[in-house]
2 protein chains.
Amino acid sequence: MTINEVSKKFGITMDTLRYYERAGMIPPVTRASNGNRDYQEDDLNWVGLAICMRNSGLPVGGIAQYVRLYQAGDSTLSERHQLLSDQKKILQDQRNQIDETLERLNIKIAKYEIAAKTGKLSW
Amino acid sequence: MTINEVSKKFGITMDTLRYYERAGMIPPVTRASNGNRDYQEDDLNWVGLAICMRNSGLPVGGIAQYVRLYQAGDSTLSERHQLLSDQKKILQDQRNQIDETLERLNIKIAKYEIAAKTGKLSW
DNA sequence: ACTTGACTTGGAGTACACTCCAAGTAATAC
DNA sequence: GTATTACTTGGAGTGTACTCCAAGTCAAGT
């Protein structure tokens, strides 16, 4: 799969795909004989993981660190486990923060809806 | 309340508090006779809202836009309602994305836990 | 009067995550 | 054999959100 196809598949620019690789967020992608990237299923899995992590707001550095540990082999298993647990914690906190803000937003939105109906502000 | 006290209360630097004001994320703060900021309850509410929104990842621009509309008066009620609804949508999407990543992380973490127990990778 | 300390400002600097670009290569189309 | 197209690279540029700094003001303490 070419970088162009992968870009379309995941809805992400080719530049970003190359950037992710440069940043170590995914291991070096398989190359065709002419030097062009030729994404294999494995590469695609890494891309999918990277995009998923980034979309949820996890920093590039943490994901790259995971890839480094992965490439270092089995001796890093517990470190990788720790790293993933840390990221899980970050996301759980982030989720709680979002819930808090959503509650706050809902209260405000409700007030605007009352105002829209009655023509009056309720606060 | 001085900027230093507010900074401690919310666990945010004085620089960031001034930046939030400069960026229009909170309306101009009440000043003491010497020109120093003297946060009133109202100002503190705005600060709390701004921090809450930022902590959940909403961009500064959107919050500043809300403040602008608020300052423009009652004629912007429906616009403000719309803006808050948009931000709510953003946060809901973000939450879903986090849940997706958490699921993915949980699967990976489980595999590492099995590996830690059995000494073998399960994939 | 002078030092100290807490604040003020505008503006410059930093970190992060892209995003864009110029110059080059490699394979196909005519 | 040359034009076109799709890729390659290193490096520079952009936008966001801080973060830091220098120079100045103001009030209180000695």
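Rounded to an integer number of Å, the gap from A:Met1 CE to D:dA6 P is 16 Å. Between A:Ile3 atom CD1 and D:dT8 atom C1' there is a gap of 9 Å when expressed in whole angstrom units. Separating the CG atom of A:Leu17 from the C1' atom of D:dA6 is a distance of 15 Å, rounded to the nearest angstrom.
For the residue pair A:Gln71 and A:Arg68, no side-chain donor N or O sits within less than 3.5 Å of a side-chain acceptor on the partner. Checking A:Gln82 against A:Asp86 by side-chain atom types alone, a donor-acceptor pair falls below 3.5 Å. In this structure, a donor-acceptor pair under 3.5 Å is absent between the side chains of A:Asp38 and A:Thr30.
Using a 4.0 Å cut-off, no side-chain N or O of B:Tyr20 falls inside it from OP1 or OP2 of D:dA17.
Judged by distance alone, with hydrogens and angles left aside, the side-chain atoms of A:Asp43 form a donor-acceptor pair with the main-chain N or O of A:Gln40 at under 3.5 Å.
In terms of position along DNA chain D, the nucleotide closest to A:Asn4 lies nearer the 5' end than the nucleotide closest to the other residue of the pair B:Met25 and A:Asn4. The residue among B:Pro59 and A:Glu5 whose nearest nucleotide of DNA chain D is located toward the 5' end is A:Glu5.
Annotation: A:Glu113, atom CD; neighbour count of heavy atoms from other residues, nucleotides and ligands within 6.0 Å is above 12. Within 6.0 Å of the CD atom in B:Glu5, the count of heavy atoms belonging to other residues, nucleotides or ligands exceeds 12.
On the nucleic acid side, DNA chain C has its first and last nucleotide under 4.0 Å of a heavy atom of chain B at C:dC7 to C:dG11, going 5' to 3'.
Of all the residues in residues 27-49 of chain A, A:Arg31, A:Gly35, A:Asn36, A:Arg37 reach under 4.0 Å from DNA chain D with at least one non-hydrogen atom.
Taking the side-chain contact (heavy atoms from CB on, under 4.5 Å) definition, one finds that A:Lys88 meets it with A:Gln92, B:Leu102, B:Leu105, B:Asn106, B:Ile109, sequence neighbours left out.
Between A:Tyr66 and B:Tyr112, the ring-plane angle classifies as perpendicular under the 30° and 60° cut-offs.
Note on B:Arg54: only backbone sugar-phosphate atoms sit closer than 4.0 angstrom, heavy atoms only; bases stay farther off. Residue B:Thr2 is in sugar-phosphate contact alone, with no base atom involved, counting any heavy-atom pair closer than 4.0 Å across all strands shown.
Aromatic pair A:Tyr70/A:Trp46: centroids less than 6.0 angstrom apart.
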